[in-house]
Amino acid sequence: MMAPDQAAEVADAVRAYPRVAAVGGGSKRRLVGAGEEISLRGLTGILEYHASEFTFTARAGTPVAEVAAALAEEGQYLPFDPLFVAAGATLGGTVAAGISGPGRFRFGGLRDFLIGVQFVDGRGELIRGGGKVVKNAAGFDLPKFLVGSMGRFGIVTEVCFKVFPAPVASLTLKVACADAGVAVERMVTVGSSRWEADAMEYLPQDSAVWLRLGGPEVALEKMAREIAACWPGEVEIVAAGEADRFWADAREVIWADGAPLVKVPLTLSRIADLEARLRELGPMPRRYSAGAAGWFACPDETALDAMLAAQGSRGLAIRGGGGSSPWLGSCPSPEVARAVKSALDPDGRFPSP
Amino acid sequence: MPALHDSLRSLLPPDRVFTDPARMAVYESDGLTAMKALPGAVLVPETAGEVIAIVRWCVEHAVPFVARGSGTSLSGGSLPVADGIVIALNRLNRILEVDPVDRVAVVEPGVINLDVSRAADRHGLHYAPDPSSQTICTIGGNIAFNSGGAHCLKYGMTANHVLGVKAVLATGEVVEFGGRSREQVGADFTGLFCGSEGLFGIALEITLRLLPKAEIFHTVLAGYHSLEAAGNAVSAVIESGLLPGALEMMDALAIEAAEAAVACGYPEGAEAVLIIELEGPVEKVAAEREQLAAILAETNAFETRVAANAAERMTIWKGRKCAFSAVGRLSPDFIVQDGVVPRARLGEALRRIGEMSVETCYRVANVFHAGDGNLHPLILYDGRVPGGLEGAEALAGRILEMCVAMGGSITGEHGVGMEKRDYLPAMFSAADIAVMKRLRHAFDPGELANPGKMFPGAEAPALTTHGLHPLEKAGILSRE
């Protein structure tokens with residue numbers, strides 16, 4: 001495996017082989033396609049971080065954990081709860097996978113915080129898109145395009161993110177919900193409420209919705225009391241230690257217990273129906289993150305694949321499973337997607353999308 | 001072109017196909033009034049099907065087209081191609097759906113920005129991007145140019161709020177990117193489409209992310225005796241860990257203009273004013289306002305006012321929102337620039353703009369989004385004076401180069417369009433631009449969709465003129 005430690009060497013590596021595939025920390029192996037593997041783990045380091053700009057620039061192989069620690073020293077954070085941080089996820093891999101955690105609820109997901117990229121295209125050239133300031137409308141939005149692109153259109157070598165001040169305090173609530181219908185109703189209430197919850201996670205098997213509020217402590221206590229009064233007897237204020245464990249578990253997806261993991265983008269209005277259908281598929285640990293994605297730990301993808309296909313929706317296997325393609329369900333591909341692929345990767349050096 | 005007029009009339013009823021130059025005059029130009037071009041025809045479709053048919057007709061006949069909403073682009077984004085087709089989308093103005101469960105709105109491209117928030121209001125929701133022209137600009141144009149507004153630091157730009165786009169591409173292909181979910185899998189084609197300046201095709205149906213309305217606002221106006229003191233105050237607020245919804249700044253010349261226009265009553269003798277707005281749940285804002293007051297007390301503001309109610313808040317904002325058109329009272333013409341600098345260099349940038357202003361004898365008023373470093377220098381000139389416009393453009397160019405040299409951008413929210421296309425290479429390498437052109441060709445191999453925009457070196461189908469946009473004169477439109 002090649003292990004370049006400079007962006008130019010990544011470009012050299014791309015030109016050197018007819019088929020290449022980028023690998024970061026290895027936390028989402030299923031997304032790596034076929035080809036000579038290029039490890040980006042040597043391409044590390046925070047290049048620029050000025051807390052007062054709310055931005056940082058780092059090489060793609062930098063572990064998210066390293067960045068999170070540097071941000072925390074300045075009281076800042078990536079609000080979308082990057083996943084698999086303790087498992088060694090890198091910034092580049094996180095961008096390529098396009099995944100966000102429960103914290104995407106308040107301010108948006110990874111796509112809303114990535115503001116600049118440098119990447120190697122299929123010609124082996126180093127290309128920049130976006131910029132290093134939080135507001136920028138110049139040129140095509142290549143940073144956004146590469147979110148979730150899984151190294152199929154280019155290998156990200158450098159990223160620039162917008163960051164936010166971390167809330168001074170957090171408070172976690174656990175809301176009991178008898179069934180999926182009740183849970184959805186309550187999540188809708190939270191979503192259009194004045195409370196501005198930072199994170200939301202629904203655990204159907206525990207019949208509970210977890211909420212994380214952020215802000216000044218005195219404000220959080222008042223809002224927690226109001227939420228508790230909203231659904232009497234069903235709201236529990238979670239002790240700090242347990243809350244930390246819960247959100248860390250969500251970020252690391254420890255709950256899936258190492259099983260193959262599938263992400264399905266969705267909306268709140270789909271959850272009750274999905275839950276009804278899933279009962280027919282047998283036990284499958286799962287969570288609904290920020291009302292925007294379902295995460296399914298399924299030892300056998302076939303049934304989920306068929307169900308998604310029947311609904312005309314798609315899913316992506318992030319890790320585990322034997323299949324070569326990470327795609328589940330129906331995957332319509334417009335003509336223009338092929339044209340875009342050949343614009344960025346004319347010789348098909350990167351795996352096909 | 002006249003040879004094709006009969007063929008065009010087969011697409012739409014005759015009353016929605018304009019070929020008479022007098023009828024088309026209003027479409028010659030957009031918010032960048034210094035440029036104009038007469039199209040070959042203006043078509044006014046009323047349905048997505050009609051838009052698709054027109055685009056396919058353009059592909060078949062290799063005729064360039066420019067989609068247009070309300071024509072508020074400040075970068076010449078909807079400037080027609082001489083002899084090409086203008087597709088006016090204002091009648092595709094239906095809000096197809098507002099869904100309070102999924103918290104999305106599905107709209108047609110001709111829907112006015114503010115109408116989305118109006119429609120979402122009864123569900124306690126709103127559409128966050130708020131360009132100053134939001135009472136008139138359309139969502140289609142907002143998407144094409146990735147519009148901003150006063151709340152971008154906290155909420156991002158238009159692209160951050162677009163979840164799905166159904167579009168007809170410049171090949172005639174109809175595609176659907178993204179969907180209703182805030183999450184997606186695979187490369188983000190929706191994100192790529194936003195901000196593509198109309199070079200890929202025309203959005204037909206757009207799914208927008210709605211957010212809960214803030215419960216209360218806490219709006220503070222602070223007056224300073226120097227730009228530097230105001231700039232330092234911006235840094236102090238940002239470094240405190242607060243995340244204001246808006247943080248705006250105006251200099252003396254902009255204040256003077258605003259006072260003359262709307263008597264906003266800003267602190268007398270101020271060299272600069274700041275508008276700082278906190279928003280959120282009442283308990284949170286109650287705690288944060290104490291923190292903000294303590295920070296501002298240390299910043300040498302000679303006067304600080306807190307809006308006691310919604311009316312006072314509106315008065316504070318009125319001066320800011322009208323500033324651009326107000327500057328029209330100070331000068332027959334002006335150019336609005338839109339560069340971005342890292343926030344820490346705002347003070348330096350303003351000082352250098354001041355020096356350049358003295359050096360070139362052009363007055364420059366500054367109104368800007370201080371929280372995100374997005375400058376809006378307004379360069380005042382008289383288009384009737386020979387060389388007046390050219391000198392103003394040269395100064396604008398120097399300001400853009402300064403922004404790039406400081407690590408910023410040539411445009412924060414207006415887009416490159418016609419106006420700044422020659423400056424794209426200041427930000428991007430030849431290889432970067434070559435990749436963007438290849439992408440453009442993937443969507444538009446015939447270079448039919450809004451040709452001449454964004455990329456340098458294309459033919460400029462423009463003449464020069466002067467004065468405010470007709471809608472601006474009528475007080476309908478204001479510039480960001």
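So you know, we letter chains A, B, ... as the sequences are listed, proteins then strands, and number each from 1. For clarity, every value in this text was computed on a predicted model and none was experimentally measured.
Closest heavy-atom contact between B:Leu242 and A:Pro165: O-CG, 4.1 Å. Annotation for A:Glu196 and B:Gly280: closest pair OE2-CA, 3.5 Å, computed over non-hydrogen atoms. Residues A:Pro334 and B:Val175 share a closest heavy-atom pair of CB-CG1, 3.7 Å. Scanning both residues, B:Ala287 and A:Val218, for their nearest heavy atoms gives CB-CG1, 4.5 Å. Pairing each heavy atom of B:Glu239 with each of A:Ser52, the nearest pair is OE2-CB, 3.2 Å. Across A:Met223 and B:Pro281, no two heavy atoms sit closer than the pair SD-CB, 3.7 Å.
For the pair B:Leu192 and A:Asp141, the minimum side-chain heavy-atom distance is 4.5 Å or more.
For chain A, the nearby part of B:Phe145 is the backbone; its heavy atoms alone come within less than 4.5 Å. Only the side chain of A:Lys162 comes within contact range of chain B, with at least one heavy atom under 4.5 Å from a heavy atom of that chain. Both the backbone and the side chain of B:Thr411 come within less than 4.5 Å of a heavy atom in chain A. Using a 4.5 Å cut-off between heavy atoms, A:Leu126 contacts chain B through its backbone alone, with no side-chain atom that close. With a threshold of 4.5 angstrom between heavy atoms, B:Pro445 does not approach chain A through any atom at all. Of the two parts of A:Thr55, neither the backbone nor the side chain holds a non-hydrogen atom closer than 4.5 Å to a non-hydrogen atom of chain B. Heavy atoms of B:Met436 lying under 4.5 Å from chain A belong to its backbone as well as its side chain. The parts of A:Ala337 that come within reach of chain B are both its backbone and its side chain, each placing non-hydrogen atoms under 4.5 angstrom from that chain. Interface remark: A:Arg338 contributes no atoms to any contact with chain B (heavy atom separation under 4.5 Å). Contact of B:Val101 with chain A is made through backbone and side chain together, with heavy-atom distances under 4.5 Å. For B:Ser196, the parts sitting under 4.5 Å from any heavy atom of chain A are the backbone and the side chain alike. With a 4.5 Å cut-off on non-hydrogen atoms, B:Ile238 touches chain A through its backbone and its side chain both. Interface remark: B:Glu197 contributes side-chain atoms only to the contact with chain A (heavy atom separation under 4.5 Å). In this structure, chain A has no heavy atom under 4.5 Å from any part of B:Val104. With a threshold of 4.5 angstrom between heavy atoms, B:Asp432 approaches chain A through its backbone and through its side chain.
For the pair B:Lys154 (side chain) and A:Phe107 (backbone), a donor-acceptor distance under 3.5 Å is absent. In terms of modelled atom types and a separation under 3.5 Å, the side chain of B:Arg182 and the main chain of A:Gly109 share no donor-acceptor contact. Between the side chain of A:Glu125 and the main chain of B:Ala431, no donor-acceptor pair closer than 3.5 Å is present. Listed for the B:Gln184 side chain is no donor-acceptor partner under 3.5 Å among the backbone atoms of A:Pro265. Under a 3.5 Å cut-off, the side chain of A:Lys144 and the backbone N or O of B:Cys194 do not form any donor-acceptor pair. A distance-only check finds no donor-acceptor pair linking the side chain of B:Asp372 to the backbone of A:Val134 [under 3.5 Å]. Using a distance-only test at 3.5 Å, with no hydrogens or angles considered, a donor-acceptor pair links the side chain of B:Ser181 to the main chain of A:Leu266. Counting only distance, with no hydrogens or angles, the side chain of B:Lys213 and the backbone of A:Ser192 share no donor-acceptor pair below 3.5 Å. Panel note: side chain B:Glu413, backbone A:Ala137; no donor-acceptor pair is recorded below 3.5 Å.
Residues forming a ring pair (Phe, Tyr, Trp, His ring centres under 6.0 Å) with B:Phe443 (at least two apart in sequence, or on another chain): B:Phe200. Checked against side-chain contact (heavy atoms from CB on, under 4.5 Å), B:Ala170 has the following partners two or more places apart in sequence or in another chain: B:Phe65, B:Asp444, B:Ala449.
Between chain B and the residues A:Gly148, A:Ala293, A:Gly129, the most heavy-atom pairs under 4.5 angstrom are made by A:Gly148. Looking only at heavy-atom pairs under 4.5 Å with chain A, the residue among B:Val416, B:Leu243, B:Asn146 that has the most is B:Leu243. Counting heavy-atom pairs closer than 4.5 Å to chain A, the top residue among B:Gly156, B:Pro342, B:Gly415 is B:Pro342. Annotation: maximal heavy-atom pairing with chain B below 4.5 Å, among A:Gly75, A:Ser149, A:Gly139, occurs at A:Gly139. For chain B, the option among A:Lys341, A:Glu335, A:Met150, A:Lys132 with the highest count of heavy-atom pairs below 4.5 Å is A:Glu335. Most heavy-atom pairs under 4.5 Å with chain B: of the set A:Ala343, A:Ala339, A:Ala292, this distinction falls to A:Ala292. Contact count versus chain B (heavy atoms, under 4.5 Å) is highest, among A:Pro216, A:Ser269, A:Ala51, A:Gly215, for A:Ser269. Between chain B and the residues A:Arg152, A:Lys222, A:Met187, A:Arg128, the most heavy-atom pairs under 4.5 angstrom are made by A:Arg128. Ranked by heavy-atom pairs under 4.5 Å with chain A, the first of B:Pro100, B:Ala344, B:Ser429 is B:Ala344.
Within a 6.0 Å sphere centred on CD of A:Glu217, heavy atoms belonging to other residues, nucleotides or ligands number 12 at most.
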Open item on the list: Evaluate B:Asp99 against A:Thr267 for side chain to side chain contact (heavy atoms under 4.5 Å, CB included), listing each step before the verdict.
Closed with: CA-CA 11 Å; B:Asp99 182 342; A:Thr267 59; over 6 Å; no
- [ ] Could you walk me through whether A:Lys263 and B:Glu183 pass side chain to side chain contact (heavy atoms under 4.5 Å, CB included), step by step?
- [x] CA-CA 10 Å; A:Lys263 170 189 168 181; B:Glu183 277 290 316; 2.5 Å; yes
Open item on the list: Between A:Leu344 and B:Arg438, is the side chain to side chain contact (heavy atoms under 4.5 Å, CB included) condition met? List the steps.
Closed with: CA-CA 8 Å; A:Leu344 291 172; B:Arg438 279 185 217 117; over 6 Å; no
- [ ] Quick one: do B:Arg440 and A:Phe140 satisfy side chain to side chain contact (heavy atoms under 4.5 Å, CB included)? Show the steps, please.
- [x] CA-CA 9 Å; B:Arg440 189 270 183 93; A:Phe140 296 145; 4.1 Å; yes
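Under the 4.0 Å criterion applied to side-chain N and carboxylate O atoms, B:Asp188 and A:Arg111 are assigned as salt-bridge partners. A salt bridge links B:Glu283 with A:Arg194: the distance from a Lys NZ or Arg NE/NH1/NH2 to an Asp or Glu carboxylate oxygen falls below 4.0 Å. Between B:Arg209 and A:Asp112, at least one side-chain N (NZ, or NE/NH1/NH2) sits under 4.0 Å from a carboxylate O, which counts as a salt bridge.
A cation-pi contact, defined as under 6.0 Å to the ring centre and within 45° of the axis, links B:Arg343 to A:Phe54.
Note that SG of B:Cys152 is 11.5 Å distant from CG of A:Asn136, once rounded to the nearest 0.5 Å.
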